[in-house]
Amino acid sequence: MISEKLREIFERAQRVCVLTGAGISAESGVPTFRGGGQSAVWKGMPFDEISSARMVRENLPEVWEWFDYRRGVLKDCAPNPAHYALAGWPDRFAEFTLVTQNIDGLHAAAGSRAVVELHGNIHRAYCNVCGKRFDIRGKIPHSPDDCDECAGKLRPDVVLFGEMLPAGAFERAGRSARSCELFFVVGTSALVYPAAGLAEIAKRSGAVLVEVNPEATPMTDFCDFTIREKAGLALPALTI
Ligand code: BV8
Ligand code: ZN
């Protein structure tokens, strides 16, 4: 599964960056978005329609129903060996940055610190007027609906399609992609931008690119190494 050459590069590496997607949480029971040839759908709406800036404007209650449902599914999901393996990587490298597209909070639950959450976190909400943030973990359905500081409504603290990424997040991830010597793309279909662009930034800056994914993606041909395996097996195997 892991070539001797990759293992040698991994052992010698000092500056490492990892980008994860929904695939790293698949073995925790969290549904992926585009797995098994179908895309996430909510009441007939494709994923990038229900999870969009337009839907927040037009039908916020529907967006909350979709996110409350997903938080309900997440209640029974725990980190898997892939999350735990990555939680130990900061001790192996002089510089390590973990960037995730996931909003499930499982990297932090496994002990990872300073995770760059490019797309926000499903366990938080913010007021669409004053921006006050609320922790809604464990509150299903979410509550309160209204901000306790102003007349604003709360919305999930998640980056939806057509929305900007959190200030500074992509910049921090980009700095690490530019400075690392080894960049892992784990469990992502590499379709969503600007997140997927990080691998291209790393490659152009001279990093060795490694894909961990049981399936091929548009990123595969770009990678120096491909581990065609589930993350829950591949990452612990690298880490022994
Ligand atoms: C923005 C939160 C600027 C919501 C998400 C440039 C080019 C092209 C398009 C665009 C572009 N710039 C902007 C766009 C539009 C859009 C976009 O990229 N669209 C795509 C679909 C074409 N991007 C945006 O809108 C972004 N915003 O750029 O702002 C702007 C804004 C306003 C005005 C001007 C400019 C915002 C994107 C963020 C959207 N929010 N999530 C929610 O969750 O509801 S993205 C969503 O898809 C998820 O968060 C996820 O992170 C992301 C990517 O999905 P993956 O993580 O890759 O998951 P997927 O299911 O697709 O794949 C799973 C993979 O795992 C598979 O490959 C599978 O084989 C593998 N796998 C399965 N099991 C395992 C495994 N791997 C390992 N182990 C296993 N066991
Ligand atoms: Zn407010």
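Along the sequence shown, the residues carry numbers beginning at 1. What you see is a predicted model; the values in this text were computed from it and never measured. Read the numbers this way: they start at 1 and go in the same order the structure lists the ligands and their atoms.
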_Check for me, please, whether L106 and L19 land in the same ILVMFWY cluster - side-chain distances under 4.5 Å, paths through other members count._
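Different clusters.
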*Any sub-3.5 Å donor-acceptor pair from N102's side-chain atoms to D104's backbone N or O?*
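No, the answer is negative, given that no donor and acceptor are paired below the 3.5 Å cut-off.
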_Counting only heavy atoms from other residues, nucleotides and ligands, does the tally under 6.0 Å from NZ of K132 exceed 12?_
yes
*Report all protein residues having a heavy-atom distance below 4.0 Å to some atom of ligand 1; order the list by chain, then number.*
G21, A22, G23, A26, E27, T32, F33, R34, F47, S51, F67, R70, Q101, I103, H119, V158, V159, L160, F161, G162, E163, M164, G187, T188, S189, L191, V192, Y193, P194, N213, P214, E215, K230, A231
*the Zn ion (ligand 2): protein N, O or S atoms that are less than 2.8 Å away, sorted by chain*: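 For the Zn ion (ligand 2), the protein N, O and S atoms that sit under 2.8 Å away are C127 SG, C130 SG, C147 SG, C150 SG.
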Anything under 3.5 Å between a donor and an acceptor, one on a side chain of residues 107-118, the other on a protein residue two or more places apart or in another chain? List them.
residue: H107; atom: NE2; partner: T20; partner atom: OG1; Å: 2.9
residue: E117; atom: OE2; partner: N121; partner atom: ND2; Å: 3.0

*What is the ring orientation for W66 with W42, classed by angle as parallel under 30°, tilted 30 to 60°, or perpendicular over 60°?*
tilted
*asked:* Among P156, P141, S143, which residue satisfies the side chain to side chain contact (heavy atoms under 4.5 Å, CB included) criterion with D68?
replied: P141
*Between S25 and H83, is a side-chain hydrogen bond (donor to acceptor under 3.5 Å, both in side chains) present by the stated rule, with each step listed?*
CA-CA 8 Å; S25 297; H83 294 107; 3.3 Å; yes
*Which heavy-atom pair separates Y126 from G131 by the least distance, and what is that distance?*
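Smallest heavy-atom distance, with atoms named: CB-O, 3.9 Å.
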*Tell me, which pairs form a ring pair (Phe, Tyr, Trp, His ring centres under 6.0 Å) where one or both residues lie in residues 3-26, sequence neighbours left out?*
F10-W89, F10-F93
